[in-house]
2 protein chains.
Amino acid sequence: MARLAADISSGRLAPGARLPTEQALTEALGVSRTVVREAVAALRADGLVVTRRGSGAYVAEQPAGPFRIAAPRTSVLSDILDVMELRLAVEVEAAALAAERSNRAEVGAIRNAWRAIDGALRKGEGAVAEDFAFHRAIAEATGNSQFPRFLTFLGSHVIPRQSVRLSVDTSAERRAYLERIQHEHERIVAGISHRDPAEARRAMREHLTRSLERYRKLAEGEKHGRG
Amino acid sequence: MARLAADISSGRLAPGARLPTEQALTEALGVSRTVVREAVAALRADGLVVTRRGSGAYVAEQPAGPFRIAAPRTSVLSDILDVMELRLAVEVEAAALAAERSNRAEVGAIRNAWRAIDGALRKGEGAVAEDFAFHRAIAEATGNSQFPRFLTFLGSHVIPRQSVRLSVDTSAERRAYLERIQHEHERIVAGISHRDPAEARRAMREHLTRSLERYRKLAEGEKHGRG
DNA sequence: CTTGTCAGGTTGTCCGACAGATTTAGATGA
DNA sequence: TCATCTAAATCTGTCGGACAACCTGACAAG
């Protein structure tokens, strides 16, 4: 399967070209047809090949595999930072687009998400899920479905590690930190509801930049402290 | 396969939970084991489940599927615009990061890519590949590998349709358009090599915004003209 | 309580077979 | 000579059975 994928993405197998038949692959690779079928099934799932019953398997016209992010095992802190930078790029623009295009209902959804964070903080909870829902509401308000989709994708790779950061703080520090975050959120909401893209952009950028810097310091400490 | 994927992403099957055995699924769904195996293989390829030989199949701890973009059949013009907006968000930030962090070699690579476009234009070619290589060189110069990876992914979904835009112009218009593009590129290069993130950001934003606006007008014309 | 053994269950792979669909070559006719 | 139909040959999709490798839990022995 890896071999076929390499042949395709490298261009050795041109788009539209016909793959060897399953029987030919069986003989060439010395494995059973079951294994060959499973391999081309994986390629088809990634959109790299299309199969036509009775005819054969062909390289897709636009061989565009999905976008993946390295598995957790290779996700050292520096990789997380890279993903967070990508997230910053997307969210900063999303805030500006939301300020330009959001309708009343979408602004209301953002406000509700903000209040949900407030409620969680009052109960002394971490509000990780609420925080993500807030950012997601902004992405929804862009009117561009790719933004919330991509943000959800990135979130599933970054969110699980946010708890690490929180655990190092004491309870008092943690509370102060969360309240400052909420204040940053407030400024973003103001920028969007005032239809001020530049302000929304600035506020979101500062918010995420601070988050990124905190994480970067943590990464430095980790590097010097343990490894 | 769709049913299992829905059960997982909706949370009905909690992370770490064990899937029904292949035999159980064959009986429940009324299909052979071959089909069941192909379905769970697709899920495993997407990272939603992990299988352990002799034990069973389990929902992944962090069920994070890959990021896909709708297949070409649903890619009407408005979808392309959505993807282009996402690309704008990423590239604008990439230009700024490149201005901050790029080393001499990376700036040289960007310059070479720019000259390659120039050469293609002089030969009267379209320079689509060279244009993409230029943007990719900037993404590389961020030092964040996620940027070029994501840009390549987006490019494979957007690039194939750029030729549509060019084909509507006459030869003279086309030449003037390409030279204006190249002038915009020049400004981006200047911003990056002068280590001016704000200017690089502005230049890239204007460059891509214009491209987006052109495409948007085309979409409007398409909508009113044909359908 | 720990360790070794064993039986049952589960996934990974192999094999053979057939149905559905496509392609190709040959036959047929004008 | 060319077009058209037909039948055979391929090829993928699915089915069923089988065995190996492996894991799990129970049970007996120490």
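Numbered from 1 within each chain, the chains take letters A, B, ... in sequence-line order.
- Between chain A and DNA chain D, the heavy-atom contact criterion of under 4.0 Å yields a 5' to 3' nucleotide range of D:dT10 to D:dT14.
- With sequence neighbours excluded, the residues forming a side chain to side chain contact (heavy atoms under 4.5 Å, CB included) with A:Ser32 are A:Thr34, A:Val35, listed by chain and number.
- The existence of a salt bridge linking A:Glu38 and B:Arg37 is confirmed by a sub-4.0 Å separation between a basic side-chain nitrogen and an acidic carboxylate oxygen.
- The residue B:Thr34 sits close to a base: some heavy atom pair falls under 4.0 Å.
- B:Arg52 comes within 4.0 angstrom of the backbone, heavy atoms only, and of no base.
- Contacts of B:Ala24 classified as side chain to side chain contact (heavy atoms under 4.5 Å, CB included), with partners at least two apart in sequence or in another chain: B:Pro20, B:Thr21.
- Between A:Lys217 and A:Glu213 no salt bridge is recorded (no basic side-chain N to carboxylate O distance below 4.0 Å).
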Only pairs under 3.5 Å count here: list side-chain donor-acceptor contacts from residues 114-122 of chain B, not counting sequence neighbours, and write none if there are none.
residue	atom	partner	partner atom	Å
B:Trp114	NE1	B:Gln182	O	3.4
B:Arg115	NH1	B:Asn112	OD1	3.0
B:Asp118	OD1	B:Gln182	NE2	3.1
B:Asp118	OD2	B:Arg122	NH2	3.1

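- The closest side-chain heavy-atom distance from B:Gln146 to A:Phe67 is below 4.5 Å.
- In terms of position along DNA chain C, the nucleotide closest to A:Val35 lies nearer the 5' end than the nucleotide closest to the other residue of the pair A:Gly54 and A:Val35.
- Taking the six-membered ring for Trp and thresholds of 30 and 60 degrees, B:His135 and B:His185 have ring planes more than 60 degrees apart, a perpendicular arrangement.
- Judged by closest nucleotide on DNA chain D, A:Ala57 is the one of A:Ala57 and B:Gly30 placed further toward the 5' end.
- Taking B:Arg33 as the reference, B:Glu22 meet the side chain to side chain donor-acceptor pair (under 3.5 Å) condition, with sequence neighbours excluded.
- Interface limits on DNA chain C: the 5'-most and 3'-most nucleotides within less than 4.0 Å of chain A heavy atoms are C:dT13 to C:dT23.
- Counting non-hydrogen atoms under 4.0 angstrom, B:Glu22 reaches the backbone sugars and phosphates but no base.
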